[in-house]
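Order of the sequence lines fixes the chain letters, A, B, ..., with proteins taken first and strands second; residue numbering starts at 1 for each chain. Basis for what follows: all heavy atoms, side chains included, without hydrogens, waters or symmetry-related copies.
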Number of protein chains: 2
Amino acid sequence: MRIGELSRRTGVPTRLLRYYEEQDLLHPERADNGYRSYPESAVADVQQIRGLLDSGLTTEMIRAIMPYLSGPGVLHPPAECVTPQTAALLQGHIERIQSRIDCLSRNRDRLSAYLAAVRPDPR
Amino acid sequence: MRIGELSRRTGVPTRLLRYYEEQDLLHPERADNGYRSYPESAVADVQQIRGLLDSGLTTEMIRAIMPYLSGPGVLHPPAECVTPQTAALLQGHIERIQSRIDCLSRNRDRLSAYLAAVRPDPR
DNA sequence: TCGGAGCCTGACATCAGTGTGAAGGTCAAG
DNA sequence: CTTGACCTTCACACTGATGTCAGGCTCCGA
């Protein structure tokens with residue numbers, strides 16, 4: 001599919017789809033005329049990228065973890081390719097993500113508690 | 001305490017402490033000589049702000065939720081001041097935070113699963 | 001064959017969060 | 001009284017994510 005359709009189907013401006021490619025997050029083929037050609041799976045990829053960006057990750061972090069994120073069953077780098085260094089990096093990313101989750105959860109709880117205290121009976 | 005000490009105790013550059021004030025996240029008093037004067041609680045406030053910024057929230061969101069975030073027992077806007085509109089806004093913020101948590105959790109799980117699959121026995 | 005829609009690249013603009021430096025005021029210790 | 005550490009404001013610059021526009025190519029339908 002071409003960039004316009006991908007944009008319509010994901011709601012992401014073409015400008016950003018090109019930017020994500022420049023950032024090495026998307027890798028469309030090129031047709032003979034130079035047009036980008038995206039596989040069907042790009043729709044899910046773009047939604048994944050958007051979710052992570054909206055969650056505050058940088059394109060750099062996303063680039064680092066994307067290869068390991070596609071749904072189960074899709075091809076990931078196999079065990080042989082995963083050096084201890086890579087594993088350590090991944091582990092570090094997991095921990096950073098976890099601390100974000102912790103911070104957000106803590107504050108969500110506080111907000112919820114406040115709201116519950118202040119309007120105990122929202123009819 | 002003055003800005004330098006607050007900076008040392010939080011590890012946050014003075015530049016950013018001034019920026020956070022400009023963004024209405026901190027509200028130090030001023031001494032007669034014009035120096036900023038922070039209460040002890042500012043240390044916790046700054047750490048709170050940093051955590052939320054690192055978790056991807058904008059100063060705008062932080063400004064919106066900060067008044068309701070300080071630990072239990074500290075003064076919050078009381079129930080009488082909370083209009084239904086305010087409550088709805090807060091509820092919206094909670095939901096946005098929750099969707100971030102969901103996205104991050106989902107992907108943390110995927111990364112962990114991948115890592116576990118690839119190095120099942122990390123001696 | 002022409003017009004318009006869609007694609008290309010490239011450039012400049014914006015916003016938030018930071019870094020850095022200049023020019024000058026305050027204050028305590030020597 | 002001077003020096004040095006600390007404070008003030010102001011300003012310019014950078015990065016990452018994004019908006020927007022210009023100039024030009026491709027292709028399809030009237």
Exercise. Assign A:Arg30 to base, sugar-phosphate, or nothing according to its heavy-atom contacts below 4.0 angstrom with the strands shown.
Key: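 Answer is sugar-phosphate: A:Arg30 comes under 4.0 Å of backbone atoms only.
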Quiz item: Do B:Arg9 and B:Tyr38 meet the criterion of a side-chain donor-acceptor pair at a distance under 3.5 Å?
Solution: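 No, because no side-chain N or O of B:Arg9 sits under 3.5 Å from a partner of the opposite role on B:Tyr38.
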Quiz prompt | B:Glu60 and B:Thr58: side chain donor to acceptor below 3.5 Å | solution =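 There is no such pair between these side chains.
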Quiz item: Between B:Arg100 and B:Gly56, is there a donor-acceptor pair closer than 3.5 Å when you use the side chain of the first and the backbone of the second?
Solution: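 The answer is yes, because a donor-acceptor pair under 3.5 Å joins these two groups.
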Quiz item: Any donor and acceptor pair, going by atom type alone, linking the side chain of B:Ser7 with main-chain N or O of B:Ile3 inside 3.5 Å?
Solution: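 No, the answer is negative, given that no donor and acceptor are paired below the 3.5 Å cut-off.
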Exercise. Would you name the heavy atoms of B:Gln91 and A:Leu115 that are closest together and state the gap between them?
Key: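 Shortest heavy-atom separation between B:Gln91 and A:Leu115 comes out as OE1-CD2, 3.1 Å.
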Quiz item: Which residues within residues 50-61 of chain B lie with some heavy atom under 4.0 Å of an atom in DNA chain C?
Solution: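 Of all residues in residues 50-61 of chain B, the ones placing a heavy atom under 4.0 Å from DNA chain C are B:Arg50, B:Leu53, B:Thr58, B:Thr59.
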Whole angstrom value for the distance that separates [atom2] of [N] from [atom1] of [X]:
X	N	atom1	atom2	value
A:Glu21	C:dT9	CD	P	7 Å
B:Arg8	D:dA5	CZ	C1'	10 Å
B:Glu5	D:dA5	CD	C1'	15 Å
B:Asp24	C:dA16	CG	C1'	16 Å
A:Ile62	D:dA17	CD1	C1'	11 Å
B:Leu16	C:dG19	CG	C1'	9 Å
A:Met1	C:dG6	CE	P	16 Å

Self-check item: Pairwise 5' ranking along DNA chain D for A:Tyr20 and A:Asp32, keeping only the more 5' one
Solution: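 Closest to the 5' end, via its nearest nucleotide, is A:Tyr20.
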Ignoring backbone atoms, establish whether [X] has a side-chain N or O less than 4.0 Å from OP1 or OP2 of [N].
X	N	answer
B:Asn33	D:dC7	no
A:Arg2	C:dG6	no
A:Arg18	C:dC8	yes
B:Arg36	D:dT9	yes
A:Tyr19	D:dA17	yes

Exercise. Taking only Lys NZ, Arg NE, NH1 and NH2, and the carboxylate oxygens of Asp or Glu, determine whether A:Arg30 and A:Glu21 approach each other closer than 4.0 Å.
Key: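 A salt bridge is present here (some side-chain N lies under 4.0 Å from a carboxylate O).
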Quiz item: What nucleotide among D:dA11, C:dG17, D:dG19 has an atom nearest to a side-chain atom of B:Arg15?
Solution: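 So the nucleotide nearest the side chain must be D:dA11.
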Self-check item: Candidate nucleotides D:dC7, D:dT18, C:dT9, ranked by approach to the side chain of B:Ile3 - the nearest
Solution: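 Ranking D:dC7, D:dT18, C:dT9 by closest atom to the B:Ile3 side chain puts D:dC7 first.
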Practice problem: Establish whether A:Tyr35 and A:Leu17 are linked, either directly or via other cluster members, by ILVMFWY side-chain heavy-atom contacts under 4.5 Å. | Solution: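 No, A:Tyr35 does not connect to A:Leu17 through the hydrophobic network.
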